[in-house]
Chemist: 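After the structure tokens below, expect a handful of questions from me.
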Amino acid sequence: MPPKKKARVSKRAERSGDDGEKGKSSTAKRKAAVPAKKTETSSEFVPYSRWLMKSEPESRFENGIDVKFGIEDLKALPDQTSCWDGVRNYQARNFMRQMKEGQLALFYHSNCKEPGIAGVIKIVKEAYVDHTQFDKKDVHYDASSKPDNPKWSMVDVQYQRMMKRFIPLSELKGYHTQHLSEGGPLKQAALFTRARLSVQPLTAEEFDFILSLEDKEPQ
DNA sequence: GCCAACGTTGGC
DNA sequence: GCCAACGTTGGC
């Protein structure tokens, strides 16, 4: 399961102990878990079912370790499957814990020449303990996390397909700006409103809109 | 390489 | 429990 890899996020996160989900007390709550949207006609919560996950496709060394993990790297693995370890941000972790097997996510290339949406992946294993938090050699080792009460989780994802064409961030940003003034599906996309979140939810409208761009001319 | 935005830490 | 300092994310 554990190919070395990806998702760059803080590296210490030390205490703060919080756990995000016991929700009630303490600090670090700040903007805890954004609640899923409600439907118009009922007060039922509709859980998110689409996601966007960021990873770096270009080599970058952290403590002597290359954190490069682009969609091509995922595609090259046995079963085209990998665990998504190394997430060290509570909101991102909490979103991963909401993921269900079979759900789709957009694979986003970050911190690179051309940031943007590279392809589609599928959640093939729901959240479980991220072993790298206990590994002193790992870039994302977290000395504050104890095996009897692990802080960090990961999911497994499987490559589905490349986008028919790469959708650059710049293009999405153009639509975001446009939708802000005229209305439209990317108006509130987390990619822009929560820029630094490495694992974020997408509404069905956002997800479908982004996929629809594949068949349009680059803007 | 710069640096704005923002999450985390830790003193008080 | 506030908030300034610090460190990271990630576009440009």
Side-chain angles (χ1 to χ4, degrees), chain A residues 5-35 51-74 84-97 105-119 130 132-133 138-146 149-154 163 166-180 186-202 206 210 213 218-219:
Chain A
K5 91 205 45 11
K6 90 232 27 2
R8 148 219 249 206
V9 197
S10 50
K11 59 185 24 156
R12 60 173 176 343
E14 305 304 337
R15 23 105 74 345
S16 107
D18 144 31
D19 218 331
E21 67 226 345
K22 312 167 149 194
K24 30 233 71 217
S25 51
S26 71
T27 61
K29 249 84 226 209
R30 213 137 316 196
K31 0 183 94 165
V34 176
W51 312 93
L52 181 149
M53 302 173 82
K54 299 180 182 177
S55 188
E56 302 183 39
E58 295 175 4
S59 285
R60 188 176 62 81
F61 290 84
E62 228 178 283
N63 303 340
I65 297 165
D66 192 353
V67 297
K68 170 184 188 291
F69 189 76
I71 194 165
E72 301 286 358
D73 298 301
L74 174 62
W84 200 269
D85 62 276
V87 171
R88 298 292 182 269
N89 168 281
Y90 289 112
Q91 292 180 65
R93 179 203 67 179
N94 291 346
F95 284 131
M96 283 201 298
R97 290 181 176 180
L106 300 180
F107 195 119
Y108 178 89
H109 281 173
S110 68
N111 204 22
C112 56
K113 230 18 170 312
E114 177 141 64
I117 309 292
D130 178 347
T132 66
Q133 66 198 299
D138 194 276
V139 182
H140 302 290
Y141 172 64
D142 182 355
S144 73
S145 182
K146 302 304 176 201
N149 186 22
K151 275 188 184 174
W152 307 111
S153 303
M154 62 187 182
M163 296 296 277
F166 183 84
I167 310 292
L169 176 64
S170 57
E171 181 173 340
L172 294 173
K173 187 174 289 184
Y175 283 111
H176 174 243
T177 303
Q178 184 186 325
H179 293 180
L180 275 179
L186 294 194
K187 189 177 175 183
Q188 314 197 75
L191 196 54
F192 305 104
T193 61
R194 317 284 326 282
R196 297 178 43 194
L197 240 201
S198 68
V199 175
Q200 43 183 258
L202 293 174
E206 291 164 350
I210 293 171
L213 297 178
Q219 294 301 300

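A, B, ... follow the sequence lines: proteins, then strands. Residue 1 opens every chain.
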Chemist: Can you run down the salt bridge (Lys or Arg N to Asp or Glu O under 4.0 Å) pairs that involve residues 169-178 of chain A, sequence neighbours left out, and say none if there aren't any?
Modeler: A:Arg165-A:Glu171
Chemist: Once you measure the plane-to-plane angle for A:Phe107 and A:Trp84, does it fall in the parallel (<30°), tilted (30-60°) or perpendicular (>60°) bin?
Modeler: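 Perpendicular, since the angle between the ring planes exceeds 60°.
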Chemist: Got a list of protein N/O to nucleotides 2-5 of chain B N/O distances below 3.5 Å?
Modeler:
from, atom 1, to, atom 2, distance (Å)
B:dA5, N3, A:Arg196, NH1, 3.2

Chemist: Residues two or more places apart in sequence or in another chain: which of them pass side-chain hydrogen bond (donor to acceptor under 3.5 Å, both in side chains) with A:Gln133?
Modeler: A:Ser145
Chemist: NZ of A:Lys151 versus C1' of B:dT8: gap in Å, rounded?
Modeler: 11 Å
Chemist: Distance check needed: C:dC12 C1' versus A:Asn111 CG, whole Å only.
Modeler: 11 Å
Chemist: Rounded to whole angstroms, how far apart are CD on A:Glu58 and P on C:dG10?
Modeler: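 A:Glu58 atom CD is separated from C:dG10 atom P by 14 Å.
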Chemist: Rounded off to whole Å, could you give me the CG-to-P distance for the A:Leu197 and C:dG11 pair?
Modeler: 13 Å
Chemist: When you measure from the side chain of A:Lys54, which nucleotide among B:dT8, C:dG11, C:dG10 comes out closest?
Modeler: C:dG10
Chemist: Does the side chain of A:Lys173 get closer than 4.0 angstrom to OP1 or OP2 of C:dC12 through an N or O atom?
Modeler: yes
Chemist: Need one value for A:Tyr108: base, sugar-phosphate or nothing, where a base atom within 4.0 Å counts as base even if backbone is also close, heavy atoms only.
Modeler: sugar-phosphate
Chemist: Salt-bridged, A:Arg88 to A:Asp130, with N to O below 4.0 Å?
Modeler: yes
Chemist: Only counting residues at least two apart or in another chain, list the ones meeting side-chain hydrogen bond (donor to acceptor under 3.5 Å, both in side chains) with A:Ser110.
Modeler: none
Chemist: Nearest-Å distance, CD (A:Gln91) to P (B:dG7)?
Modeler: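 Rounded to whole Å, this separation is 6 Å.
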Chemist: Could you give the CD-to-P distance, from A:Glu62 to C:dT8, as a whole number of Å?
Modeler: 8 Å
Chemist: Checking A:Ser153 against A:Arg97: is there a side-chain donor and acceptor pair closer than 3.5 Å?
Modeler: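 Short answer, yes.
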Chemist: In whole angstrom, give the distance that lies between atom NE2 of A:His109 and atom P of C:dG11.
Modeler: 12 Å
Chemist: Find the distance A:Trp152:CH2 to B:dT8:C1' and express it as a whole number of Å.
Modeler: 10 Å
Chemist: Go through the structure and list residues passing ring-ring contact (aromatic ring centres under 6.0 Å, His included) with A:Tyr108, not counting sequence neighbours.
Modeler: none
